[in-house]
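Below is one structure, written out as structure tokens; comments come after it.
One-based numbering, in listed order, for ligands and for the atoms of each. Note that the structure is predicted; figures quoted are calculated from it, not measured.
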Amino acid sequence: MGKWRDVTGKQMKKKFTRLVELQNTGAKDNGYKSQAEVWLTIDFDEINGVEKMCDKLWTELKPLYSELLTYVRNKLVDFYRDDITFPDDGSIPAHLLGNMWAQDFESIFDIVRPYDIQNENYDDVLKDQGYTPVKMFMKAQEFYMSLGLPRMTRKFRRKSIIVKPAGRKLVCHASAWDFFDDDDFRIKMCTNVTMDYFETIHHEMGHVQYFMAYENQPVVYRRGANGGFHEAIGDTIANAVRTPQHLCELIGVACPSPGVDTHEADMNYLMKKALLKVAFLPFGLLIDKYRWAVFRGTIKPEHYNSEWWKMRMEYQMISPPSPRGEEYFDPGAKYHVAASVPYVRYFFSFVVQFQFYEAMCKAAGHVHKPLHECDFFNSVEAGTILHDMMKLGGSKPWPEALEQMTGTRDISADSIIRYFQPLMDWMKIENKKTTDKQTKLKSKK
Ligand code: X8Z
Ligand code: ZN
């Protein structure tokens, strides 16, 4: 299953086991039951409520994920029909999903695309138009500034690392840093000129905007309302940047032509988005479901790898391409596991960012039109509700911050479900067509 697993997770199993022991010792010394409770407290200020919220949200989101998985699986079965036999359990082998960790499926869009239209390669367009990492950062900053948010600081420009430096090792996983020192906020990432990286720049810049917005809070409140909020700011912005409406203006691609039925383009757009945002949901949840169980001792070191794959199956319906014994430690191939960074914040981010997005669209006057068409570029009204929320930092409980911005106190799946509803309806029809075809074929045999 690839050398990457041999040189990462496999080497790490003993060290990870020891780390879990040490973290638990520290947690217990500080009055917590285990490190799981420490992490939940750091990110959410509470324990039981968060776990319940996860399960409730997942129950609401699962039908959307299942419809997507069925659609993708049918397409892959067809694509690989002469080469690969798919498992009988309904799962998809992890190596077919186009991502090292099978955490999103965006890069197999070409295999699963609903309609064969609009085949521009955005990465090529960016390069052809002379985009460089610096220009990508400038454009991202321009978007934030169009919302009335501040420009990046002088120290940010002087001290950030935006391309991989020659001749030395660097952790390239993108990150944003608050130095808690007078305008000193930085991003560290190894930018390539691609649309994915363009999105990551917006993600990281969202962290920095948050740092700057709560800069005047007392130190203890210089943090996000919860971990999910911090991860969601930049993605909310990127969701607007990636709309055909905005990309058309920015680089002249994906331009909706007036008077032409946009149904096919819409389905393609929403599918691509779902491969990124919906496909991620069970992954975003299971990483910490797994680690909470490890910290609490319900998953023991001798079952680390088998339990990992059990959870991959339970939540994502993904299977390993070949048997994986306990000599491996496959979760260790993921940066956040190796670096001991909590992960459930991303699950919440992928849900709450659609609430933020919907609220900002409304503030920008985007009503009576499909949500996925909303680009709030230039809307100071949209920027203001975001900025006012960010300024609170951690000074108010997160339901209050959420209520201030969106009018509701709950992290709710409603917005993301509403966003993808047109695709959901379309996938149901497509999946039914495939089932009918299969039934017909079987009855002929
Ligand atoms: O780690 C990140 C960010 C840095 S905070 C780039 N993300 C998660 C991942 O890459 O696994 C963003 C989405 C999920
Ligand atoms: Zn982040």
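One of the N, O or S atoms belonging to H203 lies under 2.8 Å away from the Zn ion (ligand 2).
Considering backbone and side-chain atoms alike, E204 places every N or O at 3.5 Å or more from each N or O of ligand 1. Looking at ligand 1, you won't find any N or O of T200 less than 3.5 Å from one of its N or O atoms. At least one N or O atom of K334 sits closer than 3.5 Å to an N or O atom of ligand 1. Ligand 1 has an N or O atom lying under 3.5 Å from an N or O atom of Y346, backbone or side chain.
D196 is listed as a side-chain neighbour of E106, based on a closest heavy-atom distance under 4.5 Å. Residues Q404 and D388 meet the side-chain proximity criterion, which asks for heavy atoms closer than 4.5 Å.
The Zn ion (ligand 2) sits nearest to atom OE1 when only the N, O or S atoms of E231 are considered.
In this structure, K272 fails the cation-pi test against Y269, since its NZ or CZ atom is not both closer than 6.0 Å to the six-membered ring centre and inside 45 degrees of the ring normal. For the pair R345 and F348, the cation does not sit on the ring face, since its NZ or CZ is not both under 6.0 Å from the ring centre and inside 45° of the axis. Both tests hold for R186 against F179: distance to the six-membered ring centre under 6.0 Å, angle to the ring axis within 45°.
Ligand 1 is approached by Q103 to a heavy-atom distance shorter than 4.0 Å. Residue contact annotation: S175 has no non-hydrogen atom under 4.0 Å from ligand 1.
Remark: K289 engages D55 in a salt bridge, criterion side-chain N to carboxylate O under 4.0 Å. Look at E327 and K10 and you find no salt bridge, because none of the NZ, NE, NH1 or NH2 atoms lies under 4.0 Å from a carboxylate O.
Here the protein heavy atom with the shortest distance to atom 1 (O) of ligand 1 is H173 NE2, 2.6 Å.
The salt bridge (charged side-chain N to carboxylate O under 4.0 Å, His left out) with E199 is formed by just one residue from the set K139, R242, K273; it is R242.
In the vicinity of H207, heavy-atom distances shorter than 4.0 Å reach the ligand 1 atoms 5 (S). Per-residue contacts place A174 under 4.0 angstrom from the following atoms of ligand 1 (heavy atoms of the residue considered): 4 (C).
Counting heavy atoms closer than 4.0 Å to ligand 1, residue Y343 contributes side-chain atoms (C-beta onward) but none from N, CA, C or O.
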